[in-house]
Each structure stands twice: as structure tokens, then as C-alpha cells.
Amino acid sequence: MRLARLIDLEGLLAYLRAMSLRDIITLPDPLLRQTSKPVVGVDKAVRKIFDDMLETMYDAPGIGLAAVQIGVPQRLVVIDLSKDGEERQPLFMANPEIMSASEALSDYEEGCLSIPEFFEMVSRPSEVKVRYLDRQGEPQELNASGVLSTCIQHEIDHLNGVLFIDYISKLKRDRVVKKFVKAQKLGKL
Ligand code: NI
């Protein structure tokens, strides 16, 4: 019942009633390069997508997921940085926008559920200020640093058709894309 405090009762009931695992699309699916459309507001249908995203992300497991990764090109992101055994702390973001970013950069080893088993160091602004609509459709602003800052930037990139491999060397990027194209041809994905 610990979830109740985090998602509110209506959210929890909807989650338990309707949650469903969705397939995560992977490279070289062209949808990953598409720009996602803003949502008009956060209604029941959007909350259902949020819940499916969260369930799918926890199952993977991952710490962030954009709606386009389950084949829904809408500007929706879920993030949860809580560790195994800790209380879950899901963050729901509709139409997230970065308002400002620090000049200082941080390096983190990134991975992506749409590019399984591939990790590389990426340099991004250490701190960002982000604006979004929460699960209730209320406007929120958040100052993020550390892994949260990186994760938010990674997920917002997905909404613009940008992947973390776009920040690494062309050589490494071409190599990983080729690997996934080949795997798809062989029917392994
Ligand atoms: Ni990703």
C-alpha cells in the first residue's frame, strides 16, 4: 500500500485496474527518430498511457521512459530513480520543457531501453530547470541536478527524436546502429 501515498488513491486504483505492459521499441525503429506531439492536457487517456509507461519501465527495469518508446509519439515522460527496495517515487511529466541549463557539465554512463545492452559516457548540463504538467495536469517547475538532470534531458531528447548515441563518436554510433540493423534482419529483435 505504500504506493498510495505516492500516486493518490484514484491513481493507484486506476493503476491496479488498468496497468499493462507494453512492448518497448528498439533501434532501428524509425519511430525513435520522430518528434512527439504535445498533449492538450492530462486526461484519463493520458493517465492510462502514463501508467502503462510506468509499469513497462519498472518491468524492464529502467529509470526513465518516454511514451514514444512504447510506440506513442506524445510528449510524455516517466522517471523513477528510487533504488530496489526503496519507496517508489514516480515522476510524471507531460509536455516537459527545459527552461534553463547550467554551463557546468556532468558525465554519466547512459543506457537506453530502446538500445539494450549498450552504455556510453555522455556529457550534459549538470543542472536544468524544467517545466511540465504533472499527473493531475497541474503545471510544475523543477530544478534538477545529478542523475535526475541527466535522465530528464535524456527523456526529453526522445520527444525530439534524439538518442544518447547522437552524443558519442560517429564511429561508435555507426557500429551500434549496424549491430541492431543486423540483429533485426536476422529476426533476433
Ligand atoms: Ni532512452
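Order of appearance sets the numbers: ligands from 1, and atoms from 1 within every ligand.
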Side chains of [X] and [Y], heavy atoms from C-beta outward: is any pair under 4.5 Å?
X      : Y      : value
Leu31  : Gln34  : yes
Glu109 : Met121 : yes
Phe118 : Ile168 : yes

Inset, instruction - Would you verify whether the NZ or CZ of Arg88 falls within 45 degrees of the ring axis of Tyr58 while also being under 6.0 Å from that six-membered ring's centre? - result: yes
Inset, instruction - Considering only NZ, NE, NH1 and NH2 on the basic side and carboxylate oxygens on the acidic side, decide whether Arg47 and Asp51 come within less than 4.0 Å. - result: no
Inset, instruction - Examine Ile25 and Val77 and state if one hydrophobic cluster contains both, with Ile, Leu, Val, Met, Phe, Trp and Tyr joined whenever side-chain heavy atoms are less than 4.5 Å apart. - result: no
Inset, instruction - Mind listing the protein N/O/S atoms less than 2.8 Å away from the Ni ion (ligand 1)? Waters don't count. - result: Cys112 SG, His154 NE2, His158 NE2
